[in-house]
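Remarks on the structure that follows.
Just so we're clear, the structure is a prediction, and the values are computed from it rather than from any experiment. Residue numbering restarts at 1 for every chain, and letters A, B, ... go by the order of the sequence lines.
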Amino acid sequence: METMEIIFTKECRIRYLLYQTTKALSQNTRAGLILFLIIIAPSLAFAQVTVTGVVKDADGNALSGVSVRLMGSSVATSTDGEGTYSLPSVGPQSTLVFTYVGFETKEEPLNGRTNVNVELSPSDQSLEEVVVTGYSSQRKKDITGSVAVVDMDALKSIPSGSALQALQGQASGVNVISSGAPGAGSNVFIRGISSFGNTNPLVLIDGVESNLDNISANDIASVQVLKDAGAASIYGVRGSNGVIIVTTKKGQSGEPTVAYDAFVGIQLPLSGNPLNLLNSEDFARLTKIANPGTTLFQNGIPDYTYAGPGAAGVANEGDPAVDPSRYVFDPINTAGNYIIQKVNKDGTDWFHEVFKPAPMSSHNLSVSGGTEKATYLLSLGYFDQKGTLIESYLKRYSLKVNTTYNVGKHVRVGQNAYAFYKQNPDFTNQTQFGNMSNIFRMMPIIPVHDIRGNYAGSFGGPQLGSDANPVAVQERTLNDRDNEWNFVGNVFAEADVLTNFTVRTSLGGSVINNYNQAFVFTPYERREGNTNPNRYSERAGYSNNLIWTNTITYKNQFGDHDLNVLAGTEAIKNTARNVSGGSQAFFSTDYEYLILGNGTSNVTNSSSGGKNSLFSLFSRVDYSYQNKYLLGVTIRRDGSSKFGPENRYGVFPSVSLGWRLSDEAFMKNIGWLNDLKLRGSYGILGSQHNVNADNSFDLFGGGYGNAYYDIRGTSNSVVQGFIQTRIGNLRTGWEENIIANGGIDATLFNNSLDLSVEYYKKSINGLLFTQPLPATVGAAEAPVINIGDIQNKGFDFSINYRGNINQAWQYSIGSNITTYKNKVVKIPDPGYFDAGTHNALGSVVRNQQGQEVSSFYGYQVIGLFQSDQEVLDAPDQEAAAPGRFRYEDINDDGVITSEDRTFLGSPNPDFTYGLNLGISYKGFDFAATLFGSQGNEILNTITQYTHFFGSPIGNKSNVLLDAWTPENKDTSVPRIESGASFSTNGVVNSYLMEDGSFLKLRSLLAGYTFDNFRLNSTRSLKLRVYLQASNLFTITKYTGLDPELNGSSSIFGVDYGNYPNNQQSFQLGINLTL
Amino acid sequence: MKYTIIIALALLLGACNKSFLEQRPIGTLDEAVLATPSGVNGLLIGAYSLLDGNGSVQSGNSSIGMNVFASMPSDDSFVGTIPNALLASIEGFTYDPTTTIFDMKWRIQYAAVQRCNDVLRILPKVSGLDEAESTQIEAEARFLRGVYHLNTALLWKNIPFIDETISYGAENYNVSNTEPVWPRIEADFQFAADNLTDTKAEVGRANKWAAKCFLVKAYMFQHKFDEAAPLLDEIIAQGVTSNGLKYDLAPHYFDNFSTATKHGPEAVFTVQMSVRDGANGQNGNTLEASGGPYGSPATTGYGWTQPKFDLVNAYQTDPETGLPLLTNYNDHPVKTDQGISSAEPFTPHEGTLDSRLDWNVGRRGIPFLDWGVHPGQAWIRSQNVGGPFTVIKHIAWKYRKDTDIEQRFTNSPLNLIRFADVLLWAAEVEVERGNLAKAESYVNRVRERAANPDGWVKKYINDNNPDEGFSTIPAANYKVGLYTGQFVENGQDFAREAVRMERRLELALEHHRLFDLQRYDNGTGYMARTLNNALEFHRKIAGFDYSYVADGFFTQGKNEIYPIPLAQIDLSTTEGKPTLIQNPGYK
């Protein structure tokens, strides 16, 4: 603080204020503020004036809450109840901008005045908004394709490190599904699942392909989602899954503006007994029913369990077997360990042993400004989230620099750059044997630590199962490091040439570097692998994406005709390379000791690489007549290295039409109708997702594990061998997504209500899909070929209403709903393919003609067999017995066979919906964001484990307290037994199905904006503070942790053990601008 | 400035250079590069490398071993460990054509077949290979193709034969399974037998005699005893291993299963296992690795594949003659520690036993190789459902653990055919041909080794420190005697049962048992009787929970062979009709 005092001798009061604020905030925040003060320092020296005035409407009513902003900065105030305002510290030659919901924005140059009264007229301001679409921008009112414009304020209200996660529920037709793991990627579906592989849309940040996972909403100026062919066809093969166009913030000419946005918060794990698991006493009791010969509970719950070389048993206090003097422990050479564990008679709450409250904080500081000749924006970000799962975290440091320069009158050059460094350990979510599953696989009687404080687990006694202590698994990530450095950006030049032409060239791309270290400790507490030597590996990789885009635009107006023509070329090249190495049996497990050369055995190394390229020509014509009749035509021709010469090029056209009815004479006089437009589009998009760059080649290779053989009989070395690794197909070509879209946009009631309804039909023809081949062709990777058709149809609906109760109270309601109807139209012989493996159930999903994508497939349970007589009378069923499932004889042939499997449901929702509510009262603002999904089903594989003792040893669910017995027949829970069978949990059946519908209150926020602090005669400081709660409730019938389940597109909605994304969090944040 | 940009744009439009869209794959080879002598030999190595049943490139293919298909559903071993509905369905014959492991195994088998065909397809394109070398490569590839098809035929009987003309490019890969496959298999072995050299520079390669032995195996499964007989005589008289040792029994029974003593005179054709070779154990005994004692230092596997009581009881011998009890051996079972914790005292069975028992079955109170005295329950995952026994044959010795174990994998050899197997085929053939005395002499040759105390398991010098070595005291009451004319005396039926029992004792848990029963059955119902008796017997053992196969039942006329995987039948659909036809009894 010493330095600052020297700088700010004139501004003691402000310095004091800031000093106090600084003190109140965390260390990181303080560092940010220091930087912030250094940056604003030079700007405090100008001679400035205070401007005052009154704002009224055309009828002379005072308008309160009108935003009065200094152009080119974020210095702003708002009018009070009498419509008066006062804006200090304004340069005498600057311009004020007046904005108010439902009114035309007015710019008023001061020209030396200090009192400026203005009159605002109502407007259709939202329609005048210019929206960035494919390679160009359009007025929102003239858009004929399907473009969802995301409300940035709502987007920013979700406290997330990822703008993508915040996008959930913010745009009709866009469904984002995330897990709760910090830094985990999300699944994005634009208008439903439209592929068996990658469904993620193309994300362009300032024109460069990137992803939204790692950018903060604070750096974003606008987000548009292009959903139909009319809007996205210009991206041709890149656009099949939809396109998300992100424009980052730019500087504006004017005084430097400094903005600081920050929040600190805490996230809380789910409370209670979220997996509904048994306590020790019930567990012991039920275990004895399932397994009367149990060693563990033969004489009730023992005091101790123990295990050592050739020994494993239970004992009570005083038994010599558990005398602490017998305890032997070595964490590396484990063969001689003798472990004693004190039984946890209450039951270990494994969930809350690994899920703990966790802090998060975010800081974002930006400086922007510029002159007529140049603008700049510099933004620094720091995001730090600890996961509620212990030892999980995301730390990200980011830097954004955007500049533009006007070189002469007609030439503009500029650059956008975004760089970040993040540390984010991998968490393997949604796998059958991931650490989420250890939470319910560990028995409640096992303590977290043994009698000497080392990890306890399945090793330390008889019949304790085979799984890992989840606390140990998380804490043993201490030597793991996951680093990523990512740089995305472009440089561009733009020139106005001849009269109506603009040419533009942009060279951009991304460079991603990874460096990871992973250390696997000897899991001494685990029954399996407890003598495995420790292992260490390092991995590094980079990938480059280079994109060069050139466009020429012609823009002209002749009388009633408005013409806009764009033509361009684009060349894209992707390259990647990875290298890794490993070794094992390290003498020390100290992180500083770990270099690969210190391992003593099993030295391995490997590397891999890939590249592909795309070259495209494209054009777009937008024509309008009298602003009423709108026509858009696009065409793109793509050439891809992923296809063989025969089918290398594809052409993707689209046409869209719009008719602004409200401008027709017969509708002009309808007072409440401000704008009404009909529009429709039809066109083709392509896809080369899911096509390996090597798809057209017959390739040979093979490695140590699959092709080398010890032909010399040495027992410890192999001779190189080769195998065919890939079958090539030269005929594979483009996948075509044919999209028809029709909609109505309306603006009503004095511009207070925006309404949009769209119908869409998306047919994916010649779906790129790995050819299902019989085993007789061999096991080389089968080619992706054009087979299979999928269809999605439905409605997108969005409505936004802005209203005032009175001058002081204003509110807005925004809602969007998307409905889906998904169907697999065609899959080649045999007409289906299975997916979603589970090691006890086999495939859980079947994609079949006529069904929805990713449908669950198995036997329909129609109840439990109640008696031996019922078993005899029923159709023949393998392992049928009282208390077990009775399956439906679908084909009515008197016997239950694989033919009786049926479709049990699908993870595709009937509709998803989002709701944003906003209320403001004077300086206060309140906002709520809700998201819901209706009609999606979940296959809960956790119940396959926790509802049956006939699964590997571990904890079980409280539902078994109501299990079927001859005395308790009125239940749906099968009887308790040690075996698994066809008639219990050995096959996929409808017992595992659950309704996954949910409604989440994603965010509830209350903010207060203070009256402006005057810093000096020319500048003022705007401060808003807010308090926010996330996920206050999730309404669902689902019995698992969270019905929001991510996965891969062909096996979606299967719960294998998911890091929940419905955990409550509370944040305190500030937005500071000057 | 403006014109420069326009020119640049025009140039780029024109510069849609074709080479920009030609991107070559990284890190791979194409067929042209492999059409060299060393390239085609590499493909041959690739064909050998699936002998271990593990390492197909296709994702999602778990490798399932013959232990699952041939030992668990037989009277040799339990699934063991924990209830797993999938494996339980194999043990209890309640599987159906959708049971996933059939598809996995089928895929592995044909992946291997096509590796052999890759060799045969590229071989004609190779230049610089002399005739003799070329013939050796062709014969080895055809030998392997025969082996892979033979194992596939044992599992499913009605299978398509895939030769080198069948490929993706030729679009003829849907091949019928109704054509007789045995003649094609025989032809491959015959070609190999006619062309392969007597010995090989590399011990892992197949030689002439291995091919002849496999030809015999093909005959055996077709009950072509008259064709097999002369070939067997020739093999027994003249056969040599690929490293030039005259065929004979190894001095000690367990020599066949130890890395240190492999490549002996008994090794007709052996899968060469390797660990600590850079493959993270994947060239080791991966398919057996789930078995073995659980929670012991000898293995970190899952404790699967536990020997059945029936098998252990079969090792009882007559206290007078030392001969096996051909029937009713379950009436007075071997004493076990079932239900007795490791902390409680236990004395092992004191009756007379065949010495091979303790090289096949780990049991309480007996030295488990050099790892220590088997402690019973402490090394068993769930004794109440898995029984008190553990498998041994793939376990490595402790004194070699630094070279022979990697994680849970060992490099213990997997014998596809060993000479004892050949001798017992010869005995089987001679019984069927009525030469009972000759059959008895083959059986006695095998029993002589078992009777020799040199090869018995011995007690440790110090039970508390096995590293001090073994004493000379047998670990149990072993008594093995030779037949003294009983074959002739008691007739063909007795001799047949005696040979079958000998095969079971000698080759236990080497995953022949189910197929042997299949061969013996030949439509008689022998297999159904044997296995239903075993199911029934195990359900009645006190203190043993066999409820996971409570519904198990072997259906005659159906369960002798496995169902063709439904996924493959569906995938064989052409013009709406499946090319593959399901085996009888499966729907």
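Contact annotation for B:Val275: both backbone and side-chain heavy atoms come within less than 4.5 Å of a heavy atom of chain A. Neither the backbone nor the side chain of A:Ala693 comes within contact range of chain B; no heavy atoms are under 4.5 Å apart. In this structure, no portion of A:Pro292 lies under 4.5 Å from any heavy atom of chain B. Heavy-atom distances place both the backbone and the side chain of B:Ser49 under 4.5 Å from chain A. For B:Lys200, no part lies near chain A; criterion is any non-hydrogen pair under 4.5 Å. Proximity to chain B is limited to the backbone of A:Asp698, based on heavy atoms less than 4.5 angstrom apart. With a threshold of 4.5 angstrom between heavy atoms, A:Gln720 approaches chain B through N, CA, C or O but not through any side-chain atom. Both the backbone and the side chain of B:Gln407 come within contact range of chain A, judged by heavy atoms closer than 4.5 Å. Of the atoms belonging to B:Glu31, heavy atoms from both backbone and side chain fall under 4.5 Å from chain A. For chain A, the nearby parts of B:Trp106 are the backbone and the side chain; heavy atoms of each come within less than 4.5 Å. Residue contact with chain A, scored on non-hydrogen atoms closer than 4.5 Å, involves the backbone and the side chain of B:Val203 alike. Contacts of A:Asn574 with chain B are absent, with no heavy-atom separation under 4.5 Å from either backbone or side chain.
Among all heavy-atom pairs drawn from B:Thr98 and A:Arg901, the shortest one is CG2-NH2, 3.2 Å. Contact record, A:Leu773 with B:Leu571: O-CD1, 3.6 Å, taken as the closest heavy-atom pair. Among all heavy-atom pairs drawn from A:Ser843 and B:Thr100, the shortest one is N-CG2, 4.4 Å. A:Phe700 and B:Leu43 make their closest contact through CD2-CD2, 3.8 Å (heavy atoms, listed as atom of the first residue, atom of the second, distance).
The side-chain hydrogen bond (donor to acceptor under 3.5 Å, both in side chains) search around B:Gln282 returns B:Asn54, not counting sequence neighbours.
Here B:Thr94 is the residue among B:Thr259, B:Ile405, B:Thr94 with the most heavy-atom pairs under 4.5 Å with chain A. When each of A:Phe722, A:Phe982, A:Phe697 is scored by its heavy-atom pairs under 4.5 Å with chain B, the top score falls to A:Phe722. Of the listed residues B:Val271, B:Asp404, B:Leu34, the one with more heavy-atom pairs under 4.5 angstrom with chain A than any other is B:Leu34. With respect to chain B, the highest number of heavy-atom pairs below 4.5 Å among A:Asn602, A:Val407, A:Asn692, A:Asn729 belongs to A:Asn602. Among the candidates A:Gln771, A:Glu899, A:Glu977, the residue making the largest number of heavy-atom pairs closer than 4.5 Å to chain B is A:Gln771.
Counted by atom type alone, A:Ser978 and B:Asp545 present one or more donor-acceptor pairs between their side chains at under 3.5 Å. No side-chain donor from either of B:Asp52 and A:Tyr709 sits under 3.5 Å from a side-chain acceptor of the other. For the 3.5 Å distance criterion, the side chains of A:Tyr832 and B:Asp570 qualify, holding a donor opposite an acceptor.
The CG atom of A:Asp710 sits 8.5 Å away from atom CG of B:Asn411, with the distance rounded to the nearest 0.5 Å. Atom CD of B:Gln114 is separated from atom CD1 of A:Ile723 by 12.5 Å, given to the nearest 0.5 angstrom. Between the OG atom of A:Ser717 and the CZ atom of B:Arg276 there is a distance of 14.5 Å, given to the nearest 0.5 Å.
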Show your reasoning for whether side-chain hydrogen bond (donor to acceptor under 3.5 Å, both in side chains) applies to A:Asn291 and B:Asn384.
-> CA-CA 8 Å; A:Asn291 183 0; B:Asn384 57 316; 2.4 Å; yes
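The shortest side-chain heavy-atom distance between A:Glu878 and B:Ser89 does not fall under the 4.5 Å cut-off.
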